[in-house]
Participant: 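First the structure, which I've put down as structure tokens, then a few questions once you've had a look.
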Amino acid sequence: MSHVATVKRLLEEYGQTHAEEAGIRLRNTPAPLYQLLTLCVLFSVRIKADIAVAAARELFKAGMRTPRAMADASWQDRVDALGRAHYRRYDESTATALGAGAELVLDRYRGDLRRLREEAGEDPGRVRELLQEVPRIGPVGADIFCREAQGLWPELRPAFDERARHAAAALGLPKTPQGLAGLVEAEDLPRLAAALVRVELSHGAA
């Protein structure tokens, strides 16, 4: 199968980003960027992807779509929303982390993660460092944020983490981020990266 055919199949079958799955209409504005950050916090523990996405949906359904709303919600409200998504074992600690993270975003960036980008000087490495100052966000969470946000912040391109590159190699695609980026338009980079990660996590879906 040619690279073009492989990529077309990947985008058609696995190309939904986690943000899309969580109901986030990702734009370079404060609320969607914060919702993406929330999703990355939820992904930053050992839990199934569908449960993390469901947890994000429950939090957003309960009105916790901005850092102010998250900070103003009670700890129990956050625990209850996570529980409705069966986000077990980590619900209490994650509720605490979400509250602390919302306060950090409000205090340091006045609720707008575009200010994190400004503070980073649009440097990808620095963006990742600042993201990891948010409670619970580690390298994996920072990778997810950059992978999903690369469609909005060009300096993050091309963002293909180790799992995506491993899947690409198994499919006979280029193994480097630059090589993969050459296969799609810039706007489709998040979808291709997400598709490759989904293939890697599904162990043989390819």
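Starting from 1, each residue takes its place in the sequence as its number.
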Participant: Do Val184 and Leu26 belong together in a cluster built from hydrophobic side chains that touch within less than 4.5 Å?
Facilitator: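 Shared cluster, no.
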Participant: What pairs meet the ring-ring contact (aromatic ring centres under 6.0 Å, His included) rule with one or both residues in residues 126-169, with sequence neighbours excluded?
Facilitator: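 Qualifying pairs, neighbours excluded: Phe145-Trp153.
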Participant: Distance check, rounded to the nearest 0.5 Å: Asp91 atom CG versus Arg78 atom CZ?
Facilitator: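 Separation between the atoms: 12.0 Å.
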Participant: Determine the minimum heavy-atom distance between Ser202 and Val199, stating which atoms define it.
Facilitator: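 Result for this residue pair: OG-O, 2.9 Å.
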Participant: Are there over 12 heavy-atom neighbours, none belonging to Gln76, within less than 6.0 Å of that residue's CD?
Facilitator: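 It does: Gln76 CD has more than 12 such atoms within range.
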Participant: What I'd like to find out is whether the side chain of Tyr109 reaches to under 4.5 Å of the side chain of Glu119, using heavy atoms alone.
Facilitator: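 Yes, at least one pair of side-chain atoms sits under 4.5 Å.
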Participant: Any chance CZ of Arg88 has more than 12 other-residue heavy atoms, nucleotides or ligands included, within less than 6.0 Å?
Facilitator: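 More than 12 heavy atoms, drawn from other residues, nucleotides or ligands, come within 6.0 Å of this atom.
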Participant: Quick one: CZ on Arg27 to CG on Leu36, what's the gap to the nearest 0.5 Å?
Facilitator: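 Those atoms lie 13.0 Å apart.
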Participant: Please name the pair of heavy atoms, one in Ala52 and one in Ile47, separated by the smallest distance, quoted to 0.1 Å.
Facilitator: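 Between these two residues, the closest heavy atoms are CB-CG2, 4.2 Å.
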Participant: For residues Ala159 and Arg128, report the shortest heavy-atom separation together with the two atoms involved.
Facilitator: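 Looking at all heavy atoms of both residues, the shortest contact is CB-NH2, 4.3 Å.
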Participant: Would you call Glu21 and Arg198 a salt bridge, taking side-chain N to carboxylate O under 4.0 Å as the test?
Facilitator: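 Yes, this pair counts.
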Participant: Show me the pairs that pass ring-ring contact (aromatic ring centres under 6.0 Å, His included) and involve residues 28-68, at least two apart or across chains.
Facilitator: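 For residues 28-68: His18-Phe43.
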Participant: Where do Asp112 and Thr29 land on the side-chain contact (heavy atoms from CB on, under 4.5 Å) test, with the steps shown first?
Facilitator: CA-CA 8 Å; Asp112 188 347; Thr29 54; over 6 Å; no
Participant: If you link ILVMFWY side chains whenever their heavy atoms are less than 4.5 Å apart, which other residues fall into the same cluster as Leu106? By chain and number, please.
Facilitator: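 Answer for Leu106: none, a lone residue.
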Participant: Is there a donor-acceptor pair under 3.5 Å between the side chain of Glu103 and the backbone N or O of Ala100?
Facilitator: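 It does not hold such a pair.
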Participant: Taking Arg68 first and then Asp72, would you say they form a salt bridge - that is, a charged N and a carboxylate O separated by under 4.0 Å?
Facilitator: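 Asp72 and Arg68: salt-bridged.
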Participant: To the nearest 0.5 Å, what is the distance between CG (Leu189) and CD (Gln150)?
Facilitator: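 Here the rounded value is 4.5 Å.
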Participant: Measure the CG-CZ distance between Leu192 and Arg147 for me, rounded to the nearest 0.5 Å.
Facilitator: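 Interatomic distance, Leu192 CG to Arg147 CZ, rounded to 0.5 Å: 11.0 Å.
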Participant: Using a strict threshold of under 4.0 Å (side-chain N to carboxylate O), is an ion pair present between Lys61 and Glu58?
Facilitator: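 Between Lys61 and Glu58 there is a salt bridge, with a charged N closer than 4.0 Å to a carboxylate O.
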Participant: Quick one: ring-ring contact (aromatic ring centres under 6.0 Å, His included) pairs with a partner in residues 78-100, sequence neighbours left out?
Facilitator: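 Every pair satisfying ring-ring contact (aromatic ring centres under 6.0 Å, His included) with a residue in residues 78-100: there are none.
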Participant: Under 4.0 Å between a side-chain nitrogen and a carboxylate oxygen: does that hold for Arg115 and Glu118?
Facilitator: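 No salt bridge links Arg115 with Glu118.
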Participant: Kindly compute the distance separating CD1 (Ile144) from OG1 (Thr17), expressed to the nearest 0.5 Å.
Facilitator: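 These two atoms lie 12.0 Å from each other.
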Participant: Are the side chain of Arg191 and the backbone N or O of Leu11 linked by a donor-acceptor pair below 3.5 Å?
Facilitator: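 Confirmed, Arg191 side chain pairs with Leu11 backbone.
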Participant: Consider only side-chain heavy atoms of I, L, V, M, F, W and Y, link residues closer than 4.5 Å, and tell whether Val45 and Val197 are in one cluster.
Facilitator: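 No; tracing contacts between hydrophobic side chains, which count when under 4.5 Å, never links both residues.
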Participant: If every non-hydrogen atom of Arg163 is compared with every non-hydrogen atom of Val140, which pair is closest and at what distance?
Facilitator: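 Closest heavy-atom pair between Arg163 and Val140: NH2-CG1, 4.3 Å.
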Participant: Between Arg108 and Glu133, is there a side-chain N and carboxylate O pair less than 4.0 Å apart?
Facilitator: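 A salt bridge is present here (some side-chain N lies under 4.0 Å from a carboxylate O).
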Participant: Transitive ILVMFWY cluster of Val79 at side-chain heavy atoms under 4.5 Å: who else is in it?
Facilitator: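 So far as hydrophobic clustering goes, Val79 is joined with Trp75.
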Participant: Kindly write out the residues that satisfy side-chain hydrogen bond (donor to acceptor under 3.5 Å, both in side chains) with Arg57, not counting sequence neighbours, or none if the list is empty.
Facilitator: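 Checked Arg57 against side-chain hydrogen bond (donor to acceptor under 3.5 Å, both in side chains); zero matches.
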Participant: Looking at Gln35 and Ile24, would you say the former's side chain and the latter's main chain have a donor-acceptor pair under 3.5 Å?
Facilitator: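 It does not hold such a pair.
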Participant: Group every Ile, Leu, Val, Met, Phe, Trp and Tyr by side-chain heavy-atom contacts under 4.5 Å, then state whether Leu152 and Leu130 land in the same group.
Facilitator: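 Same cluster.
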Participant: What is the distance from atom CG of Leu33 to atom CG of Leu113, rounded to the nearest 0.5 Å?
Facilitator: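 If I round to the nearest 0.5 Å, the distance is 6.0 Å.
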Participant: Indicate the atoms forming the closest heavy-atom contact of Pro135 with Gly101, along with that distance.
Facilitator: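 Closest heavy-atom pair between Pro135 and Gly101: CD-CA, 3.8 Å.
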Participant: For residues Arg157 and Ala186, report the shortest heavy-atom separation together with the two atoms involved.
Facilitator: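 Distance-wise, the nearest heavy atoms are NH1-CB, 3.7 Å.
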Participant: With side-chain contact (heavy atoms from CB on, under 4.5 Å) as the criterion, how do Glu148 and Cys40 come out once you've worked through the C-alpha distance, each side chain's angles and the decisive distance to 0.1 Å?
Facilitator: CA-CA 10 Å; Glu148 299 266 337; Cys40 294; 6.0 Å; no
Participant: Using the salt bridge (Lys or Arg N to Asp or Glu O under 4.0 Å) rule, take Arg126 and Glu129 through it: C-alpha gap first, then chi angles, then the decisive distance, then the call.
Facilitator: CA-CA 5 Å; Arg126 184 63 179 147; Glu129 289 175 4; 3.0 Å; yes
Participant: How far apart are the C-alpha atoms of Ile51 and Leu42, what are their side-chain angles, what is the distance that settles it, and do they pass the side-chain contact (heavy atoms from CB on, under 4.5 Å) test?
Facilitator: CA-CA 9 Å; Ile51 294 177; Leu42 297 168; over 6 Å; no
Participant: Run the numbers on Leu180 and Leu196 for side-chain contact (heavy atoms from CB on, under 4.5 Å), then give the verdict.
Facilitator: CA-CA 10 Å; Leu180 289 167; Leu196 289 167; 4.2 Å; yes
